[in-house]
There are 2 protein chains.
Amino acid sequence: MDAKDRQIIWALQEEGRLSNQDLSERVSLSPSPCLRRVRLLEDSGVIRGYTAIVDEEAYGLPITAFVRIRLERHSKASVSAFEQKVRTLDAIQDCYVMTGEADYLLRVLVKSLKDYEQFVRNQLHNIEGVAAIDTSFAYGTVKRSTVFPKV
Amino acid sequence: MDAKDRQIIWALQEEGRLSNQDLSERVSLSPSPCLRRVRLLEDSGVIRGYTAIVDEEAYGLPITAFVRIRLERHSKASVSAFEQKVRTLDAIQDCYVMTGEADYLLRVLVKSLKDYEQFVRNQLHNIEGVAAIDTSFAYGTVKRSTVFPKV
DNA sequence: GACATATTGGCAGGTTCTGCCAATTTTTCG
DNA sequence: CGAAAAATTGGCAGAACCTGCCAATATGTC
């Protein structure tokens, strides 16, 4: 991955639907080698895909919760049961395995506090081996970037 | 925003570069009304943009840190100085204003622990009025979804 | 039930995509 | 240094796609 590939990546992180023609101009290439590089980045898994960025509130999910979770034990069975369940829960946007106090950090999107209560009661507490759940809500966002730091 | 709009959003969250033709097929519309709906969603700000999803590790940023930050005081000056600085720091991908112990939660991307140390020492500790910094690292990810919960 | 409004589908000219090949640039190695 | 090999680039052209316009259909209202 050279400087040109990084330029392509930044451009597509900023504007994921850039036409190949515009992209090629922006990175000072002609369309064909530009397209070839994009395909290579896609096929090699550097670019994993593309997505629309949607306003949570406008869509109807105004509440973002960050949930720290600790498991009682860390047996293979316990861990994989938890992770399996996480993958099936649509409200959970992200789940990271963490260092420190908590084992997991979730980012959860819900439409109301009532919904969040239901989610914790019916879904999270339902999972075997969850020892502790600690929620913080996001009042708002200062920054959400889709572009990686440049060099 | 009706059911069709939501279908369009889900499809574009899953596959942000879907051609209008394919998209229209997927949501059972002909291309023109489909495009019109997409443009409306874009112009009204529901769809805020599009982005390429890039593999952090393949790009060369294998370390994700979540940083909880507390300010000493919450005066307008103090808060806006902090938030201003956050916006200029490229390593900070996201910054949320939080309820609970911490005032802010950052998601930070760096290429090494050494880099992270530099980042904290030179950038974060440099900001006036930061009372406490508490970092947790992500070992890995269980799930990262780009699609909002359906219904 | 009739009118008004909103939404849809088809069409067509213009644009963009994308695979192929020759030309150019970069790298390798004697 | 210089020649051969490898990688990368640009141009081309047929195919696919975009997108604004208009008539037709569907939806909602009184």
Side-chain angles (χ1 to χ4, degrees), chain A residues 1-62 111 145-151, chain B residues 1-62 111 145-151:
Chain A
M1 213 187 13
D2 59 7
K4 213 118 253 186
D5 284 334
R6 270 189 295 275
Q7 275 185 278
I8 289 175
I9 287 174
W10 295 329
L12 288 177
Q13 284 187 321
E14 259 167 30
E15 209 175 330
R17 290 200 64 137
L18 216 49
S19 78
N20 183 55
Q21 220 144 58
D22 291 349
L23 176 62
S24 68
E25 248 177 67
R26 232 187 257 200
V27 302
S28 309
L29 275 178
S30 72
S32 2
C34 184
L35 183 64
R36 196 128 17 89
R37 279 171 178 270
V38 172
R39 290 288 172 266
L40 272 175
L41 288 168
E42 288 168 357
D43 294 347
S44 68
V46 179
I47 295 178
R48 283 215 302 257
Y50 301 87
T51 187
I53 300 158
V54 179
D55 189 279
E56 285 96 339
E57 206 163 337
Y59 177 88
L61 296 166
K111 73 167 193 287
S145 173
T146 58
V147 185
F148 285 172
K150 308 210 169 170
V151 187
Chain B
M1 214 186 13
D2 58 8
K4 213 120 253 187
D5 284 335
R6 270 190 294 275
Q7 274 184 277
I8 288 175
I9 287 174
W10 295 329
L12 288 177
Q13 284 186 321
E14 259 167 30
E15 209 177 330
R17 289 199 64 137
L18 216 50
S19 78
N20 183 55
Q21 218 143 63
D22 291 351
L23 176 62
S24 69
E25 248 176 65
R26 231 187 259 200
V27 302
S28 309
L29 275 177
S30 70
S32 5
C34 184
L35 184 63
R36 196 131 15 94
R37 279 170 179 270
V38 172
R39 291 288 173 266
L40 272 176
L41 289 168
E42 288 168 358
D43 294 347
S44 67
V46 178
I47 294 179
R48 284 215 302 257
Y50 301 87
T51 188
I53 300 158
V54 178
D55 190 277
E56 285 96 339
E57 208 163 337
Y59 177 88
L61 295 167
K111 72 167 193 287
S145 173
T146 58
V147 185
F148 286 171
K150 309 213 170 170
V151 184

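Below, all heavy atoms of this structure are taken into account, side chains as well, without hydrogens, waters or symmetry copies. Since we're looking at a predicted model, the values are computed, not measured. Chain identifiers are assigned alphabetically (A, B, ...) following the order of the sequence lines, protein sequences preceding nucleic acid strands; residue numbering begins at 1 within each chain.
Nucleotide D/dT19 holds its C1' atom 8 Å from the CZ atom of B/Arg39, rounded to whole Å. Rounded to an integer number of Å, the gap from CG of A/Leu29 to P of D/dG10 is 6 Å. If you take CD of A/Glu25 and P of D/dG11, they are 13 Å apart, rounded to a whole angstrom. The separation between B/Leu40 atom CG and D/dT19 atom C1' is 14 Å, rounded to whole Å. Atoms CG (B/Leu18) and P (D/dA16) sit 17 Å apart, rounded to a whole Å. Rounded to an integer number of Å, the gap from CG of A/Asp22 to P of D/dC18 is 14 Å. When the P atom of C/dG14 is taken as reference, atom CG of B/Leu35 falls 19 Å away, rounded to whole Å. D/dC18 atom P lies 6 Å from atom CD of B/Gln21, rounded to whole Å.
Interatomic distance, B/Leu29 CG to B/Leu35 CG, rounded to the nearest 0.5 Å: 11.0 Å.
Of all nucleotides listed (C/dT18, D/dG10, D/dT8), D/dT8 comes nearest to the side chain of A/Arg37. The side chain of B/Ser19 has D/dC17 as its nearest neighbour among C/dT8, C/dT18, D/dC17. Counting only heavy atoms from C-beta on, A/Arg36 has its side chain closest to D/dG10 among D/dT19, D/dG10, C/dG9.
A donor-acceptor contact shorter than 3.5 Å is absent between the side chain of A/Gln13 and the backbone of B/Val54.
Across the interface with DNA chain D, nearest-nucleotide mapping of A/Arg17 and A/Lys4 shows A/Lys4 to be the residue nearer the 5′ end. Where B/Cys34 and A/Asn20 meet DNA chain C, the nucleotide closest to each residue was compared, and B/Cys34 sits on the side nearer the 5' end.
In this structure, B/Glu15 pairs ionically with B/Arg26, as a charged nitrogen and a carboxylate oxygen lie closer than 4.0 Å. Ion pairing between B/Arg37 and B/Asp2 holds under the 4.0 Å rule for side-chain N and carboxylate O.
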